[in-house]
Participant: 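I have a structure I would like to understand better, so I am pasting it below and will then ask my questions one at a time.
Letters go in sequence order (proteins before strands), and every chain restarts at 1. The structure presented is a predicted model; accordingly, all values stated were derived computationally and were not measured.
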Amino acid sequence: MRILIGKVKDHMDSEVEISGWAQNIRVMSSVLFIELRDVSGTVQGVLLRKGNEELFNDLKTIPRETVMSIKGLAVKSQAKIGYEVQINHLDILNKAETPLPLGVVDRIDSDIETRLENRFLDLRRPEILSIFKIQSTISNAIRNYFVQKGFIEIHSPKIVAAATEGGTELFPVKYFERNAYLSQSPQLYKEIMMSAGFDKVFEVAPAFRAEEHNTPRHINEFTSLDMEMSFVDDNDVMDVLEEVIKTAFRSVADSNQRELEILGVSNPTIDYKFRRITYSEYVKMANEKGIDLKDGEDLSTLVLKTVGGGMNEFYFITRWPRALKPFYVQPHDEQYSRGFDLQFGELEITSGAQRVHSPEVLVNNLKAKGLNPESFAFYVNAFRYGMPPHAGWAIGLERLTMVLLNISNIRETTLFPRDRTRVTP
RNA sequence: GCCCCGAUAGUGUAGUGGCCUAUCAUACGAGUCUGUCGAGCUCGUGACACGGGUUCAAAUCCCGUUCGGGGCGCCA
């Protein structure tokens with residue numbers, strides 16, 4: 001019965017069976033060592049030539065990354081981790097070809113392009129695996145949080161008829177005799193669920209954006225963690241967001257000590273209150289830094305870098321001008337809205353808002369943005385027969401992972417990134 | 001979509017008109033070595049993205065193509 005390599009230390013002085021990839025084979029004249037790796041770690045298998053002549057000669061030429069299964073005695077030894085497995089039986093399950101298109105344990109760093117082209121090999125590296133173990137903890141922690149708080153998990157359609165926010169480009173899809181699009185956000189559907197009376201919903205699902213951007217923080221398919229709540233306002237859901245992020249980070253600190261160590265990241269637990277800075281205050285901060293920016297203009301990358309770049313923490317930017325936010329964001333007054341962003345330094349992690357719930361306001365907003373309310377009828381109708389006040393937000397899972405691990409390229413926190421030029425693997 | 005930059009063995013690099021028959025490391029192959037753990041040592045195989053041009057001479061200069069990187073816009 002195979003055990004994980006990480007469990008070998010619990011079976012000292014007994015026979016174990018382990019399986020995995022031979023990441024390094026060191027051959028001396030009368031003894032050889034095989035470093036075997038699986039999802040849980042690595043251990044050294046040792047084989048003396050004496051008494052194992054045939055097996056020894058076979059293994060001398062076995063390529064790295066060959067998949068094998070080893071049976072042997074787990075013993076304390078002078079190995080660096082303090083123990084090893086004395087091989088007494090070995091099965092080659094699948095030989096690897098040579099040379100590898102990408103060295104799994106080479107000390108040479110490959111370009112991200114080469115790594116993504118050979119992602120299955122890249123992902124074998126413990127530090128890359130660690131990123132995705134941690135990402136799994138984050139999404140599970142958030143899911144658990146929502147479930148515990150009585151949220152209903154939903155699965156909204158990813159093939160849609162209309163744009164959701166008007167602004168971003170959509171991927172067209174041929175839908176039989178009609179044209180449809182890949183969903184850029186579950187926004188409209190999670191709001192409809194408020195009208196449906198589900199009260200609190202969340203969804204973890206892909207979102208598609210056809211923007212031709214070429215930056216380290218954009219991809220064309222990402223994982224959106226969405227939530228929406230009824231009978232609350234923007235401040236309430238900011239409270240929830242802060243708690244969700246703190247819960248997720250604490251969960252990683254609790255369950256991924258080994259992965260954090262491999263990645264050289266210190267304890268991610270957050271012990272400060274997220275500041276809430278109004279958009280107008282932010283503009284003043286930019287002005288004080290010598291940037292010419294008028295109240296009402298969008299915050300450019302330069303502004304966010306100049307003001308936010310020095311802030312190594314989470315903070316909200318609240319009360320955005322209505323003109324800069326989508327039609328579904330609740331107005332605060334003539335000029336400002338109940339929309340907010342959560343930033344970490346210069347990077348936007350979340351956008352959210354108290355939403356419009358009055359059908360009249362909604363239709364006026366749609367018109368004001370140059371959109372035709374008719375084409376949003378399926379959505380507007382949900383507001384006409386009893387829509388509660390509601391608010392919500394969406395986090396980019398990959399961006400949140402970047403922040404937690406201090407990684408600067410979103411492709412690193414995406415298993416198989418879809419960017420401007422990459423559709424495979 | 002706009003601006004800038006780049007492309008040399010499997011991987012990562014050196015190279016700035018002739019000294020390039022192209023550097024180094026790693027990988028790969030052969031050999032050697034009684035416990036390694038980035039094993040060591042010896043020998044070997046392996047590359048100038050593609051197409052055109054300038055020149056006595058091009059990895060090197062020019063043009064185009066393809067692919068990639070960075071920045072901006074936009075966003076999570």
Participant: Does atom CG of Asn406(A) have more than 12 heavy-atom neighbours, drawn from other residues, nucleotides or ligands, at distances under 6.0 Å?
Facilitator: no

Participant: Taking the P atom of each, how far is A27(B) from U11(B), in whole Å?
Facilitator: 15 Å

Participant: Roughly how many Å is it from CD in Glu211(A) to P in G71(B), rounded to a whole number?
Facilitator: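 Those two atoms, CD and P, are 17 Å apart.
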
Participant: Pick base, sugar-phosphate or nothing for Ile395(A), based on heavy-atom distances below 4.0 Å to the nucleic acid.
Facilitator: nothing

Participant: Using a cut-off of 4.0 Å on non-hydrogen atoms, how would the nucleic acid contact of Pro63(A) be classed: base, sugar-phosphate, or nothing?
Facilitator: nothing

Participant: When the P atoms of U66(B) and G51(B) are considered, how many whole Å apart are they?
Facilitator: 15 Å

Participant: Pairing donors with acceptors under 3.5 angstrom, does anything connect the side chains of Tyr336(A) and Thr278(A)?
Facilitator: no

Participant: Would you say Asn409(A) places a side-chain N or O within less than 4.0 Å of OP1 or OP2 belonging to G70(B)?
Facilitator: yes

Participant: Would you check if the side chain of Lys71(A) reaches a backbone N or O of Asn88(A) as a donor-acceptor pair within less than 3.5 Å?
Facilitator: no

Participant: Counting only heavy atoms and a strict 4.0 angstrom limit, can you tell me which residues of residues 273-281 of chain A come near RNA chain B?
Facilitator: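 Those residues whose heavy atoms fall under 4.0 Å from RNA chain B, taken from residues 273-281 of chain A, amount to none.
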
Participant: Would you please test Lys149(A) and Glu243(A) for salt bridge (charged side-chain N to carboxylate O under 4.0 Å, His left out) and show each step?
Facilitator: CA-CA 12 Å; Lys149(A) 298 284 181 181; Glu243(A) 202 177 327; 3.8 Å; yes

Participant: Suppose you measure atom P in U23(B) against the same atom in G10(B); what distance do you get, rounded to whole Å?
Facilitator: 15 Å

Participant: In whole angstrom, give the distance that lies between atom CG of Leu324(A) and atom P of C74(B).
Facilitator: 9 Å

Participant: Would you mind telling me which of His357(A), Glu191(A), Arg355(A) makes a side-chain hydrogen bond (donor to acceptor under 3.5 Å, both in side chains) with His390(A)?
Facilitator: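 Among the candidates, only Glu191(A) passes.
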
Participant: Can you tell me the distance, in whole Å, between the CG atom of Leu304(A) and the P atom of G71(B)?
Facilitator: 14 Å

Participant: Nearest to the side chain of Arg217(A) - G68(B), U13(B), C72(B)?
Facilitator: C72(B)

Participant: May I ask you to decide if Arg217(A)'s main-chain N or O and Thr215(A)'s side chain share a donor-acceptor pair within less than 3.5 Å?
Facilitator: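 Yes.
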
Participant: Between Asp341(A) and Lys325(A), is there a salt bridge with N-O shorter than 4.0 Å?
Facilitator: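 Yes, this pair counts.
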
Participant: Over all heavy atoms of both residues, which pair between Thr66(A) and Ala96(A) is shortest? Give the atoms and the distance, please.
Facilitator: OG1-N, 3.1 Å

Participant: Polar pairs (N or O, both sides) under 3.5 Å between protein and nucleotides 2-4 of chain B?
Facilitator:
none

Participant: Work out which heavy atom in Phe416(A) is nearest to a heavy atom in Leu123(A); give both atom names and the distance.
Facilitator: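 In this case the closest contact between Phe416(A) and Leu123(A) is CZ-CD1, 4.2 Å.
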
Participant: At under 4.0 Å between heavy atoms, which parts of nucleotides 31-39 of chain B does protein reach? Answer with one letter per nucleotide, 5' to 3': B base, S sugar-phosphate only, - none.
Facilitator: --BBBBBBB

Participant: Looking across every strand, which nucleic acid part, if any, lies under 4.0 Å from Asp106(A) by heavy atom: base, sugar-phosphate, or nothing?
Facilitator: base

Participant: May I ask you to verify whether the side chain of Arg399(A) and the base of C75(B) hold a donor-acceptor pair under 3.5 Å?
Facilitator: yes

Participant: Are any of the side-chain heavy atoms of Asp234(A) and Thr318(A) separated by less than 4.5 Å?
Facilitator: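 Of all side-chain heavy-atom pairs linking Thr318(A) with Asp234(A), none is under 4.5 Å.
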
Participant: If you measure from the P atom in G1(B) to the same atom in G38(B), how many Å do you get, rounded?
Facilitator: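 Their P atoms lie roughly 49 Å apart.
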
Participant: To the nearest angstrom, how far is Asp419(A) atom CG from C67(B) atom P?
Facilitator: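 So the CG-P distance, Asp419(A) to C67(B), works out to 13 Å.
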
Participant: Could you check whether Phe171(A) and Phe208(A) have their ring centres less than 6.0 Å apart?
Facilitator: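 Not close enough - the centres of the two rings lie 6.0 Å or further apart.
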
Participant: With rounding to whole Å, what would you report as the distance between A7(B) and U16(B) at their P atoms?
Facilitator: 13 Å

Participant: For Arg64(A) and U26(B), what is the distance between atoms CZ and P respectively, to the nearest whole Å?
Facilitator: 12 Å

Participant: Is it true that Arg422(A) and Glu113(A) make a salt bridge, defined as a side-chain N closer than 4.0 Å to a carboxylate O?
Facilitator: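 Judged by the 4.0 Å cut-off on N to carboxylate O distance, Arg422(A) and Glu113(A) do form a salt bridge.
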
Participant: Under a 3.5 Å cutoff on both atom distances, Watson-Crick or G-U, what's the dot-bracket for RNA chain B ([ ] crossing, | other strand)?
Facilitator: (((((((..(((.....[.....))).(((((.......)))))....(((((..]....))))))))))))....

Participant: So, for Lys369(A) and Ala323(A), which heavy atoms are closest and what is the spacing to 0.1 Å?
Facilitator: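 Lys369(A) and Ala323(A) have their closest heavy atoms at NZ-O, 3.2 Å.
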
Participant: Go through the N and O atoms of the side chain of His218(A) and the base of C75(B), and report whether any donor-acceptor pair is under 3.5 Å.
Facilitator: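 Such a pair exists between side chain and base.
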
Participant: Look only at the side chain of Glu242(A) and the backbone of Phe274(A), and say whether a donor-acceptor pair between them is shorter than 3.5 Å.
Facilitator: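 Answer holds: yes.
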
Participant: Please report the distance separating the C1' of G17(B) from the corresponding atom of C41(B), rounded so that it comes out in whole Å.
Facilitator: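 So the two C1' atoms sit 40 Å from each other.
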
Participant: May I have all residue pairs that pass side chain to side chain donor-acceptor pair (under 3.5 Å) and include part of residues 78-87 of chain A, sequence neighbours excluded?
Facilitator: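 Listed once each, the pairs are Gln44(A)-Glu84(A), Ser77(A)-Glu84(A).
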
Participant: Let me know the distance between CG of Leu170(A) and P of C75(B), rounded to the nearest Å.
Facilitator: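 The distance from CG of Leu170(A) to P of C75(B) comes to 13 Å, rounded to the nearest Å.
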
Participant: Could you please name the option among G73(B), A76(B), G69(B) that lies closest to any side-chain atom of Arg422(A)?
Facilitator: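 That would be G69(B).
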
Participant: I want to confirm an ordering. Mapping Ser110(A) and Ala394(A) to their closest nucleotides on RNA chain B, which one lands closer to the 5' end?
Facilitator: Ser110(A)

Participant: Taking atom P in both A59(B) and C43(B), compute the distance separating them and give it to the nearest angstrom.
Facilitator: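 Between the two P atoms, the distance is 29 Å.
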
Participant: Using a heavy-atom cut-off of 4.0 Å across all strands, would you classify Ile410(A) as base, sugar-phosphate, or nothing?
Facilitator: base

Participant: What is the distance from CG of Leu32(A) to C1' of G40(B), rounded to the nearest Å?
Facilitator: 16 Å

Participant: So, are Arg2(A) and Asp38(A) salt-bridged, with charged N and O less than 4.0 Å apart?
Facilitator: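 Looking at Arg2(A) and Asp38(A), the cut-off is met.
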
Participant: Please work out which residues in residues 112-138 of chain A have a non-hydrogen atom less than 4.0 Å from an atom of RNA chain B and list them by number.
Facilitator: Glu113(A), Thr114(A)

Participant: Is it true that Tyr272(A) and Tyr315(A) have ring centroids separated by less than 6.0 Å?
Facilitator: no

Participant: Looking only at the side chains, is there a donor atom on one of Ser156(A) and Glu203(A) sitting less than 3.5 Å from an acceptor on the other?
Facilitator: yes

Participant: Could you check Ser300(A) against Ile219(A) and say which one's nearest nucleotide on RNA chain B is further toward the 5' end?
Facilitator: Ser300(A)

Participant: What is the distance, to the nearest angstrom, from the CD atom on Glu97(A) to the P atom on C28(B)?
Facilitator: 14 Å

Participant: Can you find a pair of side-chain heavy atoms, one from Gln335(A) and one from Arg322(A), that are under 4.5 Å apart?
Facilitator: no

Participant: Tell me whether the OP1 or OP2 atom of G10(B) has a side-chain N or O from Thr98(A) closer than 4.0 Å.
Facilitator: no

Participant: I'd like the C1' distance from A47(B) over to C20(B), given in whole Å.
Facilitator: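 Each nucleotide's C1' atom is 13 Å from the other's.
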
Participant: How is Thr350(A) classified with respect to the nucleic acid when contacts are heavy atoms under 4.0 Å: base, sugar-phosphate, or nothing?
Facilitator: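 Sugar-phosphate only.
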
